[in-house]
Student: 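After the structure tokens below, expect a handful of questions from me.
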Amino acid sequence: MQLRMKTLFRCFAGLLAFSMFSQPAMAQLQPTPAARANDAGGPYERLVISGAIVIDGSGAPPVGPMDVLIEGNRISAIGRAGSFENADRVINADGMYVLPGFVDTHAHLGDASKAPYPDYAYRLWLAHGVTSIRGVSLGTAEGDAGLADRARQLRGQITAPRIFPYAVFGTLRDQPVRTPADARAWVRWAKAQGYPGMKIFHPTPRAIMAAALDEAKAQGFGSVAHLGQLGVAEVNGRVAAELGLKGMTHFYGHFESLLDGRRIQDFPSDYNYADEQDRFSRVADLAEQIHPPGSDQWNAYLDLLLENGVTLSPTLNIYVASRDVMRARTLEWHDDYTLPSLMDFYTPSFTNHGSYYWDWSTEDEVKWRRFYGPYMQLVDDYAARGGRVTVGSDPGYIYQTWGFAYIGELEMLQEAGLSPLEVIKAATIDGASEIYDPLGEPAPMGLVRPGMLADLIVVPENPLENFKTLYGTKHVRLSDETGQLERVGGVKWTIVGGRVYDAEKLLADVAAMVAAKKAAN
């Protein structure tokens, strides 16, 4: 009886988690506070970044030392060091590197219980060089509050990256979506509200998804989907691509398109999706049920995605705790930068989404390590074909704290096989293009080039040598000059539309926030 009650409780808790996750409610977050007077400088009539090595985001190799001239909110010229004079401000970047600002294509804010302060997330993103976020259920970037935050950011009224809030398909409007005509009406409504795109969650019936995607194409409206297990038997990655879906996030839908000898994943008979440990443990079984990498079926699926212009945002890092949960629990930034309420949310729980490690075993971790093999191979093979891969962090779940999670995703993409230059391209112009292509517009940011928006980062270490130097906690190494341990790296300056943010100050603001919450507890 005790075991049965425990199982029922888990399933009830899992259903709550699924309900909240698949159709996110409007979280009652604290309002985003006005920007502080000393948060940023600029925009300036003339701002010069002098003497930097430029990594321009296109895939071109580094070049320098160069000067970058910014006038107002745009890059106006690039020349050899010493090219520009009479600046209102000069950032001395001798020996440093300048890159386009990073784009996070899978962004969330917190909620009232785990991380109720949008300012907390925004500052952590900026401190790690993220200058644009695509919200795929953002909390305050849902509904009027999110659109208002977007407008406030553009006016410089809040300290935040650029915000591109995607509405969750079928939500935010009193009229339910039950027919293809309803789906078309919803897309038109969301477009009229000012949303640039939508995120589709499963289960979404095929006819309704087809209508929504067709209308999105007609309206110049972006689309990305989480093709979760409750609907993937009807609409997997192959079907979704054929229907016109432009972005796929996570791994869902891909392996279900590659099943060998079956059309549906072979679940154990006692599987229950509402039990989150079942949900996340058994999904790793897919790696043993698919046509192998390099097979005709594998290649045909990737060719289909490429032909249909699908972008992958694999979010490799969000699941990394599944292959080593002890490491995830003890990441060095938790002490100073993870809110105590957020750490509580991460802790194994029957109710919190993604907190499914209540009995995580060596067997579970081994299965996930094996799962990452074909998962990463799929991403690398797609990139090698010329398919677009972007960087999304999916923060606020599974021990992944804002900003730090983004840098972790850069590392994971390199592990998958992308070269460091390819990773930077995925993080910059490819992310920007995924947002702007559906709108029929060229991306105005994502490259260090004249005419582009001045969304840039300046870093003291070469990220192509070591992405770990981008973490806010910096990189620990033994100095060959002093024989002492030293911390090097971090982001020095983050520039958004010509506004210059001191990344270390932003981190100090977050650390003070966390310390205050700990003291209050």
Side-chain angles (χ1 to χ4, degrees), residues 55-62 99-100 102-106 132 134 197 213 217 222-225 227 236-255 257-258 290-316 372-392 409-449 452 463-464 467:
I55 303 173
D56 75 359
S58 71
L99 297 80
F102 296 142
V103 180
D104 192 334
T105 57
H106 192 124
S132 292
R134 181 178 65 175
L213 292 171
K217 181 179 180 181
S223 62
V224 64
L227 301 173
N236 59 24
R238 181 187 305 278
V239 173
E242 291 171 340
L243 293 178
L245 180 68
K246 289 307 175 187
M248 296 185 194
T249 191
H250 307 311
F251 52 80
Y252 302 104
H254 297 306
F255 286 179
S257 302
L258 291 164
I290 62 171
H291 292 285
S295 64
D296 290 343
Q297 295 86 348
W298 178 276
N299 292 328
Y301 176 63
L302 292 175
D303 290 342
L304 175 78
L305 296 181
L306 187 63
E307 180 182 346
N308 285 278
V310 175
T311 296
L312 303 189
S313 177
T315 66
L316 297 162
Y372 265 94
Y375 180 17
M376 288 181 161
Q377 190 66 56
L378 183 115
V379 173
D380 188 43
D381 286 356
Y382 192 59
R385 277 171 162 73
R388 182 188 290 154
V389 174
T390 64
V391 181
E409 184 71 3
L410 302 183
E411 290 196 274
M412 295 291 283
L413 286 170
Q414 184 175 356
E415 182 182 342
L418 277 67
S419 73
L421 276 174
E422 288 177 313
V423 173
I424 295 298
K425 184 173 182 291
T428 56
I429 186 58
D430 287 345
S433 296
E434 184 184 7
I435 292 170
Y436 277 91
D437 278 0
L439 310 180
E441 302 175 20
M445 72 283 193
L447 295 170
V448 186
R449 287 186 183 169
M452 303 295 279
L464 300 177
F467 286 128

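Quantities reported herein were computed from a predicted structural model and do not represent experimental measurements.
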Student: Pair up each side-chain donor or acceptor in residues 300-307 with any protein partner under 3.5 Å, not counting sequence neighbours, and list the distances.
Tutor:
unit_1	atom_1	unit_2	atom_2	d
Tyr301	OH	His254	ND1	2.7
Asp303	OD1	Arg385	NE	2.9

Student: Atom NZ of Lys425 and atom CG of Asp430: how far apart are they, to the nearest 0.5 Å?
Tutor: 3.5 Å
Student: Not counting sequence neighbours, which residues clear ring pair (Phe, Tyr, Trp, His ring centres under 6.0 Å) with Phe467? List them please.
Tutor: none
Student: Considering all heavy atoms of both residues, which atom of Leu227 and which atom of Ala240 are nearest to each other, and what is their separation?
Tutor: CD1-CB, 4.0 Å
Student: Check whether any side-chain N or O of Thr249 sits under 3.5 Å from a backbone N or O of Ala225 as a donor-acceptor pair, and report yes or no.
Tutor: no
Student: Side-chain contact, heavy-atom cut-off 4.5 Å: Pro314 with Glu409?
Tutor: yes
Student: Which heavy atom of Ser313 sits nearest a heavy atom of Thr390, and at what distance?
Tutor: CB-OG1, 3.5 Å
Student: Grab the two heavy atoms, one from Tyr372 and one from Leu316, that are nearest each other, plus how far apart they are.
Tutor: OH-O, 2.6 Å
Student: For the residue pair His106 and Thr315, confirm or rule out a side-chain donor-acceptor distance under 3.5 Å.
Tutor: no
Student: Are the side chains of Met445 and Pro100 in contact, using a 4.5 Å heavy-atom criterion?
Tutor: no
Student: Please report the C-alpha distance between Thr428 and Val103 in whole Å, then the side-chain angles of each, then the deciding distance to 0.1 Å, and finally whether the side chain to side chain contact (heavy atoms under 4.5 Å, CB included) criterion is met.
Tutor: CA-CA 6 Å; Thr428 56; Val103 180; 5.8 Å; no
Student: Side chain to side chain contact (heavy atoms under 4.5 Å, CB included) for Val391 and Thr105? Distances and angles first, verdict last.
Tutor: CA-CA 6 Å; Val391 181; Thr105 57; 5.6 Å; no
Student: For Phe255, does its backbone N or O pair with a side-chain atom of Tyr375 as donor and acceptor, under 3.5 Å?
Tutor: no
Student: Do Val389 and Leu413 come close enough that some side-chain heavy atom pair is under 4.5 Å?
Tutor: yes
Student: Under a 4.5 Å cut-off applied to non-hydrogen side-chain atoms, are Leu245 and Val310 in contact?
Tutor: no
Student: If you apply the rule side chain to side chain contact (heavy atoms under 4.5 Å, CB included), what do you find for Leu378 with Phe251, and how did you get there?
Tutor: CA-CA 9 Å; Leu378 183 115; Phe251 52 80; over 6 Å; no
Student: Taking the side chain as everything from C-beta on, heavy atoms only, tell me whether Leu418 gets closer than 4.5 Å to Asp380.
Tutor: yes
Student: Using every non-hydrogen atom in the two residues, find where Ile429 and Ala443 come nearest and quote the distance to one decimal.
Tutor: CD1-CB, 4.1 Å
Student: With no hydrogens and no angle check, just 3.5 Å: does a side-chain donor-acceptor pair link Thr311 and Glu434?
Tutor: no
Student: Mark yes or no for whether Glu441, through its side chain, and Tyr436, through its backbone, hold a donor-acceptor pair below 3.5 Å.
Tutor: no
Student: Calculate, to the nearest 0.5 Å, the distance between atoms OG and CG belonging to Ser295 and Leu258 respectively.
Tutor: 7.0 Å
Student: Are any of the side-chain heavy atoms of Pro463 and Ile55 separated by less than 4.5 Å?
Tutor: yes
Student: On a heavy-atom basis, which atom in Gly417 and which in Glu422 lie closest, and how many Å separate them?
Tutor: O-OE1, 4.3 Å
Student: Within the structure provided, determine whether Ile424 and Leu99 are in side-chain contact (heavy-atom separation under 4.5 Å).
Tutor: yes
Student: Can you check whether Tyr252 reaches Asn236 side chain to side chain, under 4.5 Å on heavy atoms?
Tutor: no
Student: Is a side-chain donor or acceptor of Lys246 paired with a backbone partner of Asn308 at a separation under 3.5 angstrom?
Tutor: yes
Student: Mind listing the closest non-hydrogen atom pair of Gln414 and Pro420 along with its distance?
Tutor: NE2-CG, 3.9 Å
Student: Examine distances only and state if a side-chain atom of Ser257 and a backbone atom of Gly237 form a donor-acceptor pair shorter than 3.5 Å.
Tutor: yes
